[in-house]
Amino acid sequence: MKTLRQVLVRAFATLFVWLLGSALVQASALAPRVDGFDIEQVPQLSAGTALHFSLYGSPGASATVRIDGVPRALPLQEVQGGMYEGTHVIDRDDRITAHSRVTAHVWLADEVTTVELEEPLLLGAVTARRCDECGVVDASRPAEGRDRPGYAGASAGGGIGAILGSQFGKGDGRTAAGIVGAVGGAYAGREIERHSSTRTRYDVVVRFQDGSARVKRYDGVPPFRVGERVRMAGGALLPDSNAVSVPY
């Protein structure tokens, strides 16, 4: 026989699941739908060229288009139920390339959906691939560094100092001279090792497609030049052998 407590716990659990399900259904119903996002590709991207965008989705929403290299967003007008259109005329100050990132934002009842244009702006351009681990060498600069301090130089210097010290004095004086020589030789050995272990290293700065940057340090001259495309694989930088990539 079920106790009153068990009945109440089950009732509250059922009510909670029902309320959660209703909230999820309402949220999904309010989220704007995007069925398509297109552009009329153009033969050139010069000043005065018109870029026509079309978006298909939920009716009664608000939509804008953001083009990388253009300072202002382009509003889209709903020309008929669920169909939105807008035109941007390229200005002389715009910095647009064939693969400039273009995103559309659609708002409906305080909910927003964002989509990215999958085709290039320029007619005949090859569709660019997205690669989060791909980037361009942004800078290559020397950086002074030292190896981890060791004891080989100190030990060798100490041994040499002890031998030299033992050549002077007699009795206790010879012993004291040997100790002083060992200490001085160890210090000299550490200084020799410190200077010999100093080398010129190089920091390679890579700018990735998401705008982030990473630094990779090389013990010698790096195998990459500034402007060269690379990709990160297992913590190492490799040449980006793919000919087509999103520019920066």
Side-chain angles (χ1 to χ4, degrees), residues 31-108 110-139 205-214 224-233 237-248:
R33 185 186 75 256
V34 176
D35 299 323
F37 181 34
D38 302 313
I39 182 178
E40 293 182 13
Q41 293 176 311
V42 294
Q44 59 184 5
L45 294 172
S46 57
T49 300
L51 302 176
H52 301 285
F53 296 95
S54 300
L55 185 142
Y56 308 90
S58 300
S62 299
T64 61
V65 169
R66 172 68 70 177
I67 309 171
D68 282 2
V70 178
R72 295 177 301 277
L74 169 68
L76 300 182
Q77 301 296 326
E78 187 174 13
V79 295
Q80 60 183 20
M83 180 178 178
Y84 304 83
E85 293 182 350
T87 301
H88 172 73
V89 179
I90 299 178
D91 187 78
R92 290 181 302 175
D93 296 330
D94 291 344
R95 297 292 180 264
I96 301 178
T97 67
H99 297 290
S100 288
R101 186 182 182 189
V102 181
T103 52
H105 304 276
V106 184
W107 287 271
L108 182 63
D110 296 328
E111 296 289 335
V112 62
T113 298
T114 302
V115 294
E116 185 172 339
L117 188 67
E118 296 181 353
E119 55 187 324
L121 303 176
L122 194 63
L123 186 65
V126 180
T127 301
R129 64 181 174 85
R130 297 298 301 177
C131 174
D132 293 336
E133 295 299 315
C134 299
V136 172
V137 177
D138 195 50
V205 182
V206 178
R207 183 74 57 183
F208 290 88
Q209 292 187 3
D210 60 0
S212 64
R214 301 183 206 173
F224 305 108
R225 300 186 301 273
V226 174
E228 188 172 351
R229 296 189 180 278
V230 293
R231 61 185 177 87
M232 185 73 73
L237 283 180
L238 302 174
D240 187 2
S241 57
N242 296 288
V244 179
S245 184
V246 177
Y248 304 87

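Just so you know, these numbers come straight off a predicted model, no measurement behind them.
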Can you tell me if [X] uses its side chain to pair, donor with acceptor, with the backbone of [Y] under 3.5 Å?
X      : Y      : answer
Arg66  : Pro71  : yes
Ser100 : Ile67  : no
Arg229 : Gly227 : no
Glu119 : Asp38  : no

About how many Å separate [atom2] of [Y] and [atom1] of [X], when rounded to the nearest 0.5 Å?
X      : Y      : atom1 : atom2 : result
Thr97  : Asp68  : OG1   : CG    : 8.5 Å
Phe208 : Arg214 : CZ    : CZ    : 4.0 Å
His105 : Thr113 : NE2   : OG1   : 11.0 Å
Gln41  : Leu51  : CD    : CG    : 10.5 Å
Met232 : Leu237 : CE    : CG    : 4.5 Å
Glu228 : Asp138 : CD    : CG    : 13.5 Å

Please find the pair of heavy atoms, one from Phe37 and one from Leu117, that lie closest to each other, and give the distance. O-CD1, 3.4 Å
Show the atom names and distances, to 0.1 Å, of all donor-acceptor pairs under 3.5 Å that link a side chain in residues 74-87 to residues at least two apart or in another chain.
| unit_1 | atom_1 | unit_2 | atom_2 | d |
| --- | --- | --- | --- | --- |
| Glu78 | OE1 | Gly60 | N | 3.2 |
| Glu78 | OE2 | Gly60 | N | 3.1 |
| Glu78 | OE2 | Gly82 | N | 2.9 |
| Tyr84 | OH | Ser58 | O | 2.6 |
| Tyr84 | OH | Gly60 | N | 3.4 |
| Tyr84 | OH | Ala61 | N | 2.9 |
| Thr87 | OG1 | His52 | ND1 | 2.7 |

Test side chain to side chain contact (heavy atoms under 4.5 Å, CB included) on Ile90 and Ile96 and set out the steps. CA-CA 8 Å; Ile90 299 178; Ile96 301 178; 4.1 Å; yes
